[in-house]
Chemist: 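Please read through the structure below; I'll follow up with questions.
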Amino acid sequence: MTKKLIHLVLYLFVVHNIAAQDTTFRFKTTGALTGYGRQIQIGEKYQPIFFAADLVWQMGRGEKRNFFAFYLEPQFNLVLTAKPLDFEVGTNIGLRYFQKLSPGFYLYQMLGAGPHYMSATIPRQATGFLFSDNLGVGFLKKLNDKRSLFLNVQFFVRHLSNASLKKPNGGVNTLNLRIGLSKQT
């Protein structure tokens with residue numbers, strides 16, 4: 001028992017010291033986004049108003065001109081439909097490919113998906129659990145050198161459906177624009 005405890009303490013000590021010595025640059029941001037979407041299908045009203053957190057972590061280390069990053073976007077969205085107001089809640093997880101075009105200006109492409117819940121009752125899609133698939137582009141523009149604050153703008157296409165778990169499953173497709181602030185951490 002004592003031998004195992006000593007090994008555990010040594011292991012934690014080594015791991016902690018290695019992590020403490022990692023001083024290489026890694027691009028990370030934390031922020032918030034808000035925006036608006038409009039359905040693509042003619043004749044159906046489905047217009048999300050987005051309220052999302054935006055968390056980004058660079059894959060790999062080093063200050064690079066081009067790099068991949070993971071992103072996580074927990075969100076609560078109000079939705080305008082034929083009823084006065086519905087909602088969605090969920091999260092998107094995905095990858096972004098960043099291209100540093102100049103100091104403080106990054107262009108990115110993003111691809112992601114994630115679980116959601118939708119309260120809306122519409123003819124094309126069953127209410128309840130579904131998935132959100134996203135494909136888009138965006139940019140980060142540094143606003144302030146001292147605080148590393150960025151303007152974040154995204155344009156993306158989104159598809160909501162439930163993988164045929166429930167009928168109907170025609171899906172909801174929207175074109176979306178979001179804007180927000182992100183802080184480099």
Side-chain angles (χ1 to χ4, degrees), residues 12 15-40 46-80 85-118 131-160 172-185:
L12 292 173
V15 169
H16 173 73
N17 282 334
I18 290 171
Q21 292 175 11
D22 180 18
T23 59
T24 59
F25 178 83
R26 189 181 291 230
F27 187 81
K28 294 184 262 186
T29 62
T30 303
L33 296 162
T34 188
Y36 178 76
R38 189 160 179 91
Q39 77 285 357
I40 296 172
Y46 195 90
Q47 300 168 345
I49 300 167
F50 294 98
F51 300 96
D54 186 53
L55 310 167
V56 177
W57 300 272
Q58 176 182 346
M59 297 168 61
R61 289 180 173 76
E63 192 163 359
K64 301 175 185 171
R65 187 162 190 81
N66 302 326
F67 58 91
F68 282 98
F70 291 109
Y71 76 88
L72 176 67
E73 289 179 346
Q75 55 193 266
F76 178 84
N77 308 319
L78 299 175
V79 181
L80 304 174
L85 199 57
D86 282 299
F87 70 91
E88 304 169 354
V89 64
T91 190
N92 290 320
I93 303 162
L95 289 175
R96 290 187 184 160
Y97 179 69
F98 283 87
Q99 297 166 295
K100 186 176 183 179
L101 300 179
S102 66
F105 188 76
Y106 296 86
L107 180 67
Y108 63 86
Q109 298 87 40
M110 62 186 218
L111 175 66
H116 276 62
Y117 176 86
M118 174 177 77
F131 298 95
S132 169
D133 304 315
N134 305 275
L135 176 66
V137 295
F139 69 84
L140 289 173
K141 170 68 175 123
K142 198 171 215 178
L143 298 175
N144 183 324
D145 283 335
K146 291 181 183 177
R147 294 187 354 186
S148 297
L149 196 61
F150 288 88
L151 173 67
N152 188 356
V153 178
Q154 300 177 345
F155 174 75
F156 64 102
V157 178
R158 183 174 76 148
H159 172 75
L160 295 171
V172 178
N173 300 308
T174 58
L175 295 175
N176 313 280
L177 178 66
R178 292 193 298 201
I179 188 167
L181 294 175
S182 294
K183 182 170 175 32
Q184 189 171 353
T185 57

Chemist: Any non-hydrogen side-chain atom of F155 less than 4.5 Å from a side-chain atom of L175?
Modeler: yes

Chemist: Atom NZ in K142, atom CD in Q184: separation rounded to 0.5 Å?
Modeler: 5.5 Å

Chemist: Please name all residues satisfying ring-ring contact (aromatic ring centres under 6.0 Å, His included) with F76, sequence neighbours left out, ordered by chain then number.
Modeler: F87

Chemist: Under 3.5 Å, side chain of N77 to main-chain N/O of F51, donor-acceptor pair present?
Modeler: yes

Chemist: To the nearest 0.5 Å, what is the distance between CG on L55 and OH on Y71?
Modeler: 12.0 Å

Chemist: With a 4.5 Å cut-off on side-chain heavy atoms, are K183 and T30 touching?
Modeler: no

Chemist: Quick one, Q109 with Q99, criterion side-chain contact (heavy atoms from CB on, under 4.5 Å). Give me CA distance, side-chain angles, the key distance, then yes/no.
Modeler: CA-CA 9 Å; Q109 298 87 40; Q99 297 166 295; 3.1 Å; yes

Chemist: Roughly how far apart are Y36 OH and T174 OG1, rounded to 0.5 Å?
Modeler: 10.5 Å

Chemist: Side chains of F27 and L140: closer than 4.5 Å at any heavy-atom pair?
Modeler: yes

Chemist: Which heavy atom in P48 sits nearest to a heavy atom in R38, and how many Å separate them?
Modeler: CD-N, 4.4 Å

Chemist: Evaluate V79 against M118 for side-chain contact (heavy atoms from CB on, under 4.5 Å), listing each step before the verdict.
Modeler: CA-CA 9 Å; V79 181; M118 174 177 77; over 6 Å; no

Chemist: Would you say the side chains of R178 and Q154 form a donor-acceptor pair under 3.5 Å?
Modeler: yes

Chemist: Within the 4.5 Å heavy-atom criterion, are Q58 and K28 side-chain neighbours or not?
Modeler: no

Chemist: Using only atom types and a distance under 3.5 Å, with no angle test, would you say the side chain of T34 pairs donor to acceptor with the backbone of F50?
Modeler: yes

Chemist: Tell me, do R26 and W57 make a side-chain contact under 4.5 Å, heavy atoms counted?
Modeler: no

Chemist: Identify, with sequence neighbours excluded, every residue that meets side-chain hydrogen bond (donor to acceptor under 3.5 Å, both in side chains) alongside N134.
Modeler: N92, S132

Chemist: Is any side-chain heavy atom of V56 closer than 4.5 Å to a side-chain heavy atom of S182?
Modeler: no

Chemist: Could you report the tightest heavy-atom contact between H159 and N173, atom names first, then the distance?
Modeler: ND1-OD1, 2.6 Å

Chemist: Rounded to the nearest 0.5 Å, what separation is found between the NE2 atom of H116 and the CZ atom of R158?
Modeler: 5.5 Å

Chemist: What distance do L151 atom CG and N144 atom CG have between them, rounded to the nearest 0.5 Å?
Modeler: 13.0 Å

Chemist: Quick check: do F70 and I93 have side-chain heavy atoms less than 4.5 Å from each other?
Modeler: no

Chemist: Angle between ring planes, Y108 versus F98, binned at 30° and 60°: parallel, tilted or perpendicular?
Modeler: tilted

Chemist: Let me confirm one number: the NZ-CG distance from K100 to N66, rounded to the nearest 0.5 Å.
Modeler: 10.5 Å

Chemist: Which label fits F68 and Y97: parallel for a plane angle under 30°, tilted from 30 to 60°, or perpendicular past 60°?
Modeler: tilted

Chemist: Measure the shortest side-chain to side-chain distance between V153 and K141 over non-hydrogen atoms and say whether it is less than 4.5 angstrom.
Modeler: no

Chemist: Evaluate the side-chain contact (heavy atoms from CB on, under 4.5 Å) criterion for residues L111 and D133: first the C-alpha distance (whole Å), next the side-chain angles of each, then the deciding distance (0.1 Å), finally the verdict.
Modeler: CA-CA 8 Å; L111 175 66; D133 304 315; over 6 Å; no

Chemist: Please step through side-chain contact (heavy atoms from CB on, under 4.5 Å) for the pair V157 and N176, ending with a clear verdict.
Modeler: CA-CA 6 Å; V157 178; N176 313 280; 5.7 Å; no

Chemist: For M59 versus K64, what's the shortest heavy-atom pair and its separation?
Modeler: O-NZ, 4.5 Å

